[in-house]
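What follows is one structure encoded as structure tokens, with my remarks underneath.
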Amino acid sequence: MHNILLIQNDSAGAGALRDALTYSSDGSFRVLWVRRCAEGLRVLGRRKSAEKPHAARIAAILVDLFLPDSSGIETFDKLFQAMPEVPILVLTAPQDEPVAKSAVQRGAQEYFLKDRLDAYLWPKAVASMIERAANLESLYEAKDRAQVTLNSIGDAVLSTDMAGKVTYLNVVAESLTGWSQSEAAGHPLEEVFRIIDGASRSEARNPMSRAIQENKTLGLTPNCVLIRRDGTEFPVEDSAAPIHDRHGRVTGAVMVFHDVSVARATTLRMSYLAQHDGLTDLPNRMLLNDRLAEAMSLARRHQRRLAVLFLDVDRFKHINDSLGHVIGDRLLQSIAQRLLGCVRASDTVSRQGGDEFVILLSEIAHSTDASVCANKILEALRTPHRIDENGLHITASIGIVTYPDDGMDPETLMKHADFAMYDAKESGRDNYQWFKQELNLRAAKRRSLEDHIRHALERDEFSLHYQPKVSLATGRIVGVEALIRWLHPDLGFVPPDDFIPIAEACGLMVPIGRWVLAQACHQAQAWQDMGLPPIQVAVNISAVELHEKDFLKQVRIVLAETGLDPHLLELELTETFLMADSTSTSAALHELKRLGVKLALDDFGTGYSSLNHLKRFSIDTLKIDRSFVGSVTTNTGDASIVGAVIGMGKSLHMKVVAEGVETPEQLAFLQVHDCPFGQGYYFSRPLTGWNCGELLLRGTALGSRELQAS
Ligand code: C2E
Ligand code: CA
Ligand code: CA
């Protein structure tokens with residue numbers, strides 16, 4: 001049942017109309033008739049203000065615009081304003097038709113000439129008007145809903161008609177394109193949605209026309225960049241789909257796209273991170289490999305040469321271990337900066353990890369260009385690096401290879417650069433070396449040496465020699481240092497400096513060290529058993545040994561087995577790993593001290609130990625490195641270092657041993673500076689166990705002549 005509000009002054013017309021509706025065949029209308037506009041408004045107002053909340057709502061208004069209290073379009077306006085959602089049908093006399101028409105333009109549903117419809121047609125006309133209004137209403141509602149939905153999604157939505165003219169833009173599309181819906185409507189898509197290929201910057205093909213042509217949804221245009229109306233550019237990703245009408249015919253296309261600046265920036269950042277070293281921001285190994293391969297193929301094509309410099313910082317581990325990783329890291333950053341300052345923009349400076357850097361000189365005219373660059377780098381690195389309060393002095397070793405001379409593929413080239421760098425290390429560090437074929441041989445030798453070391457233990461090829469430590473005041477032997485010797489049946493005598501680093505690197509140092517420790521303790525105990533006074537034996541320990549979890553256990557077992565007084569065992573450690581701030585090292589050292597074992601710091605002066613560390617680990621003995629002792633009589637700097645170390649050791653209640661004493665002048669210097677102990681060829685070379693026993697029997701390794709001199 002529809003409530004119809006009829007507003008008409010003319011009683012006859014109104015009565016007829018009311019009757020026609022009320023008594024229509026389907027009986028679906030109830031008519032409320034009023035004569036004046038104000039009354040009509042009151043009826044509407046009542047419903048609206050819920051004065052009669054249960055009063056059925058008005059389905060339609062039939063109004064004659066000419067009423068006693070209001071006439072013309074004004075009547076319509078008042079009603080429409082009061083209740084815009086209720087459809088209004090205007091009843092008019094033929095002469096007032098223009099007014100009725102303007103009412104329709106302002107929102108009225110329809111108008112009828114009052115005397116044209118009869119009792120049969122009126123109900124049908126009103127019913128169909130009500131139905132149409134309801135349909136329209138729900139259509140608007142759906143459209144509104146769609147509109148809200150389209151505006152609330154994060155994606156931009158844009159549609160076109162078949163001709164490629166823009167028909168719709170949602171809010172996001174408006175902001176991304178810089179066109180408002182009303183401005184864009186009717187413009188060709190290419191004008192509103194301008195896209196280019198991000199890489200080539202050429203115009204990108206618009207996916208809409210293809211979606212229409214091929215009648216299917218098209219995926220992303222890769223690497224697409226949208227140019228907004230104001231010229232700003234955004235990377236976008238889009239997809240386009242055809243729009244179909246009810247009958248399945250394509251009527252246009254819709255495109256959904258979104259701004260991928262953030263996503264694309266993240267991807268770029270990720271790939272940047274994957275290709276760069278986090279610490280120095282230099283290209284990493286991966287990126288270098290790419291660049292090298294690229295540079296090699298370019299060089300091949302243009303018949304040019306390129307060079308690779310493999311750089312390793314000398315004794316970096318010392319710095320890192322003794323000054324800490326934070327300083328070590330900053331030093332690496334400083335090195336990276338200096339390296340960048342030495343090359344051209346087209347060259348690549350990369351960090352391989354640790355303290356290794358690789359410099360790719362992508363185009364060189366002569367091989368001397370590479371050595372000029374290497375010299376420049378060595379020079380640049382030598383200037384002290386300011387880090388906090390420290391001025392750190394460092395040097396580096398560089399290996400150089402050129403393409404195509406030293407290798408035809410990146411792997412070989414890099415391997416040979418590495419060999420050349422090792423050669424530079426062996427040639428005394430702080431220099432560069434070119435790759436040469438014999439280095440391949442050397443590397444092969446090294447590999448076979450590994451095999452030989454592996455068998456040396458089983459074949460009993462190792463032995464220990466002992467070098468006395470002497471009191472510089474009395475000449476009395478106060479201890480011996482055990483030094484390993486290796487006599488290989490074919491290779492002959494192989495010096496420890498040659499094979500120990502290899503044994504350490506390939507994991508063989510642990511069993512070898514175990515053997516040394518046991519052998520030295522046995523010898524010390526054997527001398528006592530022979531009737532000699534107890535003598536302290538010093539054993540060199542590699543970092544890899546101390547880090548072995550079984551190390552302490554081994555020491556305990558050996559001491560128990562040999563019965564040697566723990567005080568007679570001294571372990572010689574180098575600064576490198578002593579200063580490594582690892583808790584396991586520190587725990588092991590404290591445990592050793594608890595056992596009664598003595599600790600000596602070997603090669604003192606070559607690392608960066610702080611007094612703090614020395615005290616913390618209760619070091620008993622400082623051994624001044626022989627490089628200083630060797631030049632006390634020729635180099636005043638070294639002389640003052642040695643003097644200072646002697647004084648420092650004394651004040652810290654440590655024993656000080658000068659290593660490598662070779663001449664009476666060196667001895668005299670040490671005696672003048674009151675150095676308590678010495679060791680070196682001047683007193684005795686390392687001796688076999690048997691020969692050393694004989695020397696111990698004498699008890700002294702210093703002639704009376706030298707003692708008199710003191
Ligand atoms: P190091 O611990 O500094 O040992 C002293 C080295 O100086 C020995 O070399 C010794 O022969 C040499 N030397 C002693 N007096 C003089 C001298 O007056 N002048 C000169 N120029 N050299 C002198 P060696 O035996 O060749 O050992 C070299 C290094 O190998 C040792 O240096 C030590 O670091 C390592 N090493 C030797 N034996 C062992 C071992 O059993 N275990 C471990 N882990 N390392 C060992
Ligand atoms: Ca030593
Ligand atoms: Ca030493």
Side-chain angles (χ1 to χ4, degrees), residues 453 456-457 461-470 472 477 479-487 493-524 536-548 551 554-555 558 569-578 598-607 619-633 655-667 669-670 677-689 691-692 701-702:
I453 299 171
L457 263 180
E461 291 167 3
F462 291 124
S463 64
L464 285 187
H465 278 194
Y466 301 89
Q467 187 180 36
K469 291 183 203 170
V470 173
L472 297 185
I477 298 174
V480 296
E481 175 177 2
L483 294 161
I484 196 166
R485 295 293 173 260
W486 179 22
L487 186 65
F493 172 68
V494 186
D497 282 332
D498 284 5
F499 72 83
I500 286 180
I502 299 175
E504 284 175 342
C506 69
L508 288 168
M509 201 53 219
V510 172
I512 294 174
R514 230 174 249 180
W515 177 86
V516 171
L517 183 70
Q519 184 66 20
C521 291
H522 271 291
Q523 182 63 75
Q536 191 182 60
V537 65
V539 175
N540 292 287
I541 302 295
S542 289
V544 286
E545 293 178 69
L546 195 68
H547 292 145
E548 220 343 86
F551 182 72
Q554 285 302 316
V555 173
V558 167
L569 176 63
E570 183 165 69
L571 301 182
E572 293 196 2
L573 315 166
T574 56
E575 289 172 278
T576 314
F577 65 97
L578 185 59
K598 303 285 180 198
L599 299 180
L601 194 53
D602 212 349
D603 309 336
F604 186 70
T606 56
I619 298 296
D620 303 281
T621 306
L622 284 185
K623 300 189 75 179
I624 307 177
D625 191 66
R626 65 172 186 270
S627 61
F628 298 104
V629 176
S631 49
V632 280
T633 54
K655 294 201 278 180
V656 174
V657 179
E659 292 186 307
V661 183
E662 292 182 347
T663 67
E665 291 77 21
Q666 289 163 1
L667 172 62
F669 175 93
L670 294 166
F677 305 102
Q679 184 183 353
Y681 294 168
Y682 185 71
F683 310 113
S684 169
R685 290 200 170 249
L687 306 167
T688 60
N691 290 340
C692 190
L702 200 59

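Each ligand, and each atom within it, is numbered from 1 in the order the structure gives. Values below: all heavy atoms of this structure, side chains included; hydrogens, waters and symmetry mates excluded.
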- Proximity flag Glu481 to ligand 1, non-hydrogen atoms under 4.0 Å: yes
- Query: Atoms of ligand 1 less than 4.0 Å from Gly660 heavy atoms?
  - Reply: 16 (C), 17 (C), 18 (O)
- A student checking ligand 1 against Asp497 at a 4.0 Å heavy-atom cut-off should list atoms 28 (C), 29 (C), 30 (O)
- Query: Against heavy atoms of Ser542, which atoms of ligand 1 measure under 4.0 Å?
  - Reply: 44 (N)
- Provide the atom name of the closest N, O or S atom of Glu481 relative to the Ca ion (ligand 2). OE2
- Task: Measure the CG-CG distance between Leu569 and Leu599 for me, rounded to the nearest 0.5 Å.
- Result: 9.5 Å
- Message: Heavy-atom pairs closer than 4.0 Å: do any link ligand 1 to the side chain of Asp603, the backbone, both, or neither?
- Response: side chain
- Mode of Pro686 contact toward ligand 1 - side chain, backbone, both, neither (heavy atoms, under 4.0 Å): side chain
- Location of contacts on Asp602 toward ligand 1, heavy atoms closer than 4.0 Å: side chain
- Output yes when the distance from some N or O of ligand 1 to some N or O of Gln679 is under 3.5 Å, and no in every other case. no
- Do Arg485 and ligand 1 have an N or O pair less than 3.5 Å apart? yes
- Item | ligand 1 atoms in contact with Glu662 (distance to a heavy atom under 4.0 Å) | 17 (C), 18 (O), 19 (N), 20 (C), 21 (N)
- Which bit of Arg685 is near ligand 1, meaning a heavy atom under 4.0 Å away: side chain, backbone, both or neither? neither
- Message: If we only consider heavy atoms of Met509, is any one of them less than 4.0 Å away from an atom in ligand 1?
- Response: yes
- Task: Taking only heavy atoms of Ile500 into account, list the atoms of ligand 1 that are under 4.0 Å away from them.
- Result: 35 (C), 36 (N), 39 (C), 43 (C), 45 (N), 46 (C)
